[in-house]
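Data first, discussion second: the structure below is written as structure tokens.
The sequence lines fix the lettering, A, B, ..., with proteins before strands; numbering per chain opens at 1.
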Number of protein chains: 2
Amino acid sequence: MVRRPLTNPRKEASQERSRATVDALVEATARILVSEGFDKASTNRIAEVAGVSVGSLYQYFPSKEALVAAVSERHRQEIMRLVRGELAKVASQPIEQGVRTLVAVAIKSHRIDPKLHRVLAEQIPRVGRLEKVETFNGGNYDLFRTYLEEHRDELCVDSLELAAFVCVTSIEALTHTAVLHRPKMLCGETAEALIDDATRLVVGYLKGCELR
Amino acid sequence: MVRRPLTNPRKEASQERSRATVDALVEATARILVSEGFDKASTNRIAEVAGVSVGSLYQYFPSKEALVAAVSERHRQEIMRLVRGELAKVASQPIEQGVRTLVAVAIKSHRIDPKLHRVLAEQIPRVGRLEKVETFNGGNYDLFRTYLEEHRDELCVDSLELAAFVCVTSIEALTHTAVLHRPKMLCGETAEALIDDATRLVVGYLKGCELR
DNA sequence: ATTAAAAGCGAGCAATCGCTCACATTATAG
DNA sequence: CTATAATGTGAGCGATTGCTCGCTTTTAAT
């Protein structure tokens, strides 16, 4: 059996020209996802918008899924960069203030590219290699867990593992749902009310021992 | 301009035979969604599995979307029926016990048909007439809000509206994520720990005044 | 028995999709 | 300059999709 010479191999971009092509493709995919939706993001259309040929597209991305995954990954990393930075700042602050900052940054992270965030959350079928796109929190659990460990003495919970899950999941859900489905909730003083309550929810849980 | 005689009109099933056809179609759609995924759920395949012809399918459902929407709606109503029933039982119980029961029922509701629930949550592109599928909580906010109103004196929150949002969103996210992405968390005593913590999270928020 | 409406059928059309491949162009090395 | 690799091209294939329409069968009413 003979290996086909050089047909399939999806290459890694090495020269500068090809790097630009790859960037254009990812960027075009993101733009189409936002402006036309997932259905309309066909490989032909992506290539057209990117200003390259379909052939070139398939030199760097083995499938349409791979392109969407690249867009999703880029977005996830932007969010992680923001969260990581903010978490470093509040590392030494007490729980009360730290959590409040994190709630604020959670909202902020949903505003990096809200339209893309929405499409990624609502229109992408999590299947095949898109299965692990899941939530954008993968690494956030560990980050927050580490933060909690450094404040162990302030806390009143049995398991930091479980606590991190409860806090991150709740904050993510509250901010995600608010931004996507309750836009009014983030206008004017209502936004403050949400941040207040979300903070109280989480801090009360982390510090309150009186119950059980 | 002449109206086409009887071509498009997607009819409401009136005779008994056609009712069976409609049921078979919805059931087939659900089965395919679960066993083969959204992509494979083509109208031709749905009709084949249902044991009817594509023509019959289009007599009752104007599009593939409509079929998926019907499946989603059926699932949503099953959940609502469960929640509504349980909420009636705890209506007169104190917050502490009521919330605990509701957390339990939230988990239970995710187990009505977990595989279908997962497909509906992860693979269905929320677009067109599927846009309002959203979460399965639409009516739950109001239900829970009513419950809170009847226990106003036990609570320590500014806005019941906001409180209902915070509680329902958190409980839904915690149970949803646990069932779908943390199956181990619901085995043995870990399940109790999650229920304990989720309850403490919500109750502490609803009753705790000491903070701010 | 006659008739008309209701329900069911399925071959097949038009459109689209993801993707390939034979070829052209551009860059790099000797 | 020449050779070779890297990069880019786009017509178009094969498969699939959502859906239509002319037709048959079943049911209910007269």
When the distance from [atom1] of [X] to [atom2] of [N] is rounded to whole Å, what number comes out?
{"X": "Tyr58(B)", "N": "dA7(C)", "atom1": "OH", "atom2": "C1'", "value": "18 Å"}
{"X": "Ile32(B)", "N": "dT16(D)", "atom1": "CD1", "atom2": "P", "value": "15 Å"}
{"X": "Glu16(B)", "N": "dG8(C)", "atom1": "CD", "atom2": "C1'", "value": "16 Å"}
{"X": "Arg19(A)", "N": "dT26(C)", "atom1": "CZ", "atom2": "P", "value": "22 Å"}
{"X": "Leu25(B)", "N": "dG8(C)", "atom1": "CG", "atom2": "P", "value": "9 Å"}
{"X": "Asp23(B)", "N": "dA7(C)", "atom1": "CG", "atom2": "P", "value": "14 Å"}
{"X": "Arg129(A)", "N": "dG18(C)", "atom1": "CZ", "atom2": "P", "value": "14 Å"}
{"X": "Glu65(A)", "N": "dG18(C)", "atom1": "CD", "atom2": "P", "value": "11 Å"}

Check the pair Glu73(A), Arg76(A) against salt bridge (Lys or Arg N to Asp or Glu O under 4.0 Å), reporting the backbone distance first and the verdict last. CA-CA 5 Å; Glu73(A) 180 58 20; Arg76(A) 197 187 63 84; 2.9 Å; yes
[X] side chain near [N] phosphate (N/O to OP1/OP2, under 4.0 Å):
{"X": "Tyr60(B)", "N": "dG8(C)", "answer": "yes"}
{"X": "Ser56(B)", "N": "dC9(C)", "answer": "yes"}
{"X": "Ser53(A)", "N": "dG8(D)", "answer": "no"}
{"X": "Thr21(B)", "N": "dG8(C)", "answer": "yes"}

DNA chain D contacts among residues 36-48 of chain A, heavy-atom distance under 4.0 Å: none
Distance, nearest 0.5 Å, that separates [atom1] of [X] from [atom2] of [Y]:
{"X": "Arg31(A)", "Y": "Ile46(A)", "atom1": "CZ", "atom2": "CD1", "value": "12.0 Å"}
{"X": "Leu180(A)", "Y": "Arg118(A)", "atom1": "CG", "atom2": "CZ", "value": "4.5 Å"}
{"X": "Arg45(A)", "Y": "Glu36(A)", "atom1": "CZ", "atom2": "CD", "value": "4.0 Å"}

Set of residues satisfying salt bridge (Lys or Arg N to Asp or Glu O under 4.0 Å) with respect to Arg17(B), sequence neighbours excluded: none
For Arg129(B), check salt bridge (Lys or Arg N to Asp or Glu O under 4.0 Å) against everything at least two apart and list the hits. Glu65(B)
Ranking Arg17(B) and Lys64(A) by the position along DNA chain C of their nearest nucleotide, the one closer to 5' is Arg17(B)
Whether Tyr141(A) and Phe165(A) hold their rings parallel, tilted or perpendicular, with breakpoints at 30° and 60°: parallel
Indicate, with a heavy-atom threshold strictly under 4.0 Å, whether Val52(B) touches base, sugar-phosphate, or nothing. sugar-phosphate
